[in-house]
Amino acid sequence: MTCRSVDRRIDVDGGRLAVTAYLPESVTTDAVLFLFPGGGYGRHYFDLRVDGHPDHSQARWHAERGLLTVAVDHLGVGESTVPEHPLGFAEVAAAGDSAVRALVAEIRAGTLDADLPAVPGAVAIGAGQSMGGHVVVVTQAAHDTFAAVAALGSSFTQTRLAVRPGARQPFRGDGMAAVYAGMGDVDFTASFHWPEEPPELVALDMDAEHLAPWRSATVPGCAVELMEPLAVARQAAAVRVPVLLVYGEQDVTVEPLADLAVFRSAPDLSLLLVPRSAHMHNFAPTRHLVWARLESFAEQVLVRRRLLADAG
């Protein structure tokens with residue numbers, strides 16, 4: 001099955017959000033997957049296309065299997081409006097909620113695209129990578145936007161990046177000033193990329209001077225809060241829909257099981273640990289494990305909804 005993409009700008013409070021919808025040749029499920037990028041990245045992270053490196057596009061992989069997929073630039077990110085004032089999680093989440101609801105209404109009515117039939121039972125599933133996972137969780141807690149949420153490499157206990165050989169990992173008891181002071185010792189390449197990944201792809205992604213097409217020059221100011229322990233744990237505890245957490249073998253959380261426990265109100269909790277993957281899962285040789293698990297998670301959510309409806 002093939003797919004095509006459609007770019008849109010959605011009006012929200014604070015400006016417009018840039019989105020790309022990946023439309024299957026034939027929609028095979030009511031699930032609609034909304035993908036939100038991490039800090040320093042834009043929505044094209046989910047559509048990585050580099051000559052000589054095929055099959056790195058998560059969004060197209062899903063759409064080619066019949067799953068309608070939408071990648072979204074947060075407010076203040078990528079090609080979305082970048083307000084002049086500092087952005088908090090509440091404003092970013094409200095904008096995302098508005099965009100998702102507008103798009104789901106169009107998908108159900110059949111007005112998103114002239115060649116896309118209506119999907120009257122469309123169900124929104126929210127998934128975010130790193131900071132995007134935190135935003136999805138905050139959005140769900142505040143607005144009940146999604147039927148289920150997935151966070152990919154998002155720490156809900158404390159963020160811990162890899163440090164250079166010989167450097168000291170700051171203790172949280174030292175205070176956040178010490179943590180930020182130690183950022184110069186962080187090995188971002190080791191944190192973000194697994195050693196087996198193509199060196200030219202890693203170099204493109206880590207080039208701070210010439211940003212790759214999937215990177216964002218701007219990051220919402222609230223992102224710095226995520227270095228605080230339990231930064232959005234209160235919001236995570238309020239989520240009352242199924243939750244999937246995904247972490248690479250080398251990721252930025254201390255203990256994945258501890259992150260899972262933060263979601264104490266969720267009726268269904270799942271955890272995937274991805275071998276041979278660092279924090280940026282879509283570059284990893286095992287990226288398809290993440291994508292396949294997201295699809296099975298979405299289907300599981302639909303089955304759960306049907307069974308609950310049948311049970312009255």
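Side-chain contact annotation: H74 with S80, donor-acceptor N/O pair under 3.5 Å absent. Between the side chains of E225 and H134, no donor-acceptor pair is found at a separation under 3.5 Å. For the residue pair Q58/H281, the side-chain donor-acceptor check at 3.5 Å is not satisfied. N282 and H56 form no side-chain donor-acceptor contact under 3.5 Å, judged by distance and modelled atom types alone.
The pair D185-R164 fails the salt-bridge criterion, with no side-chain N (NZ, NE, NH1 or NH2) lying under 4.0 Å from an Asp/Glu carboxylate O. Residues E197 and R276 are not paired through a salt bridge, judged by the lack of any N-O separation under 4.0 Å between the basic side chain and the carboxylate. Under the 4.0 Å criterion applied to side-chain N and carboxylate O atoms, E299 and R306 are assigned as salt-bridge partners. Using a 4.0 Å cut-off between charged nitrogen and carboxylate oxygen, D97 and R101 count as a salt-bridge pair. With salt bridges taken as basic N to acidic carboxylate O contacts below 4.0 Å, none links R240 and D144. The pair R43-E79 counts as a salt bridge, with a side-chain nitrogen and a carboxylate oxygen less than 4.0 angstrom apart.
Taking the six-membered ring for Trp and the full ring otherwise, the centers of H62 and F46 sit at least 6.0 Å from each other.
For the side chain to side chain contact (heavy atoms under 4.5 Å, CB included) with R293, the lone residue among L152, L244, V274 that qualifies is L244.
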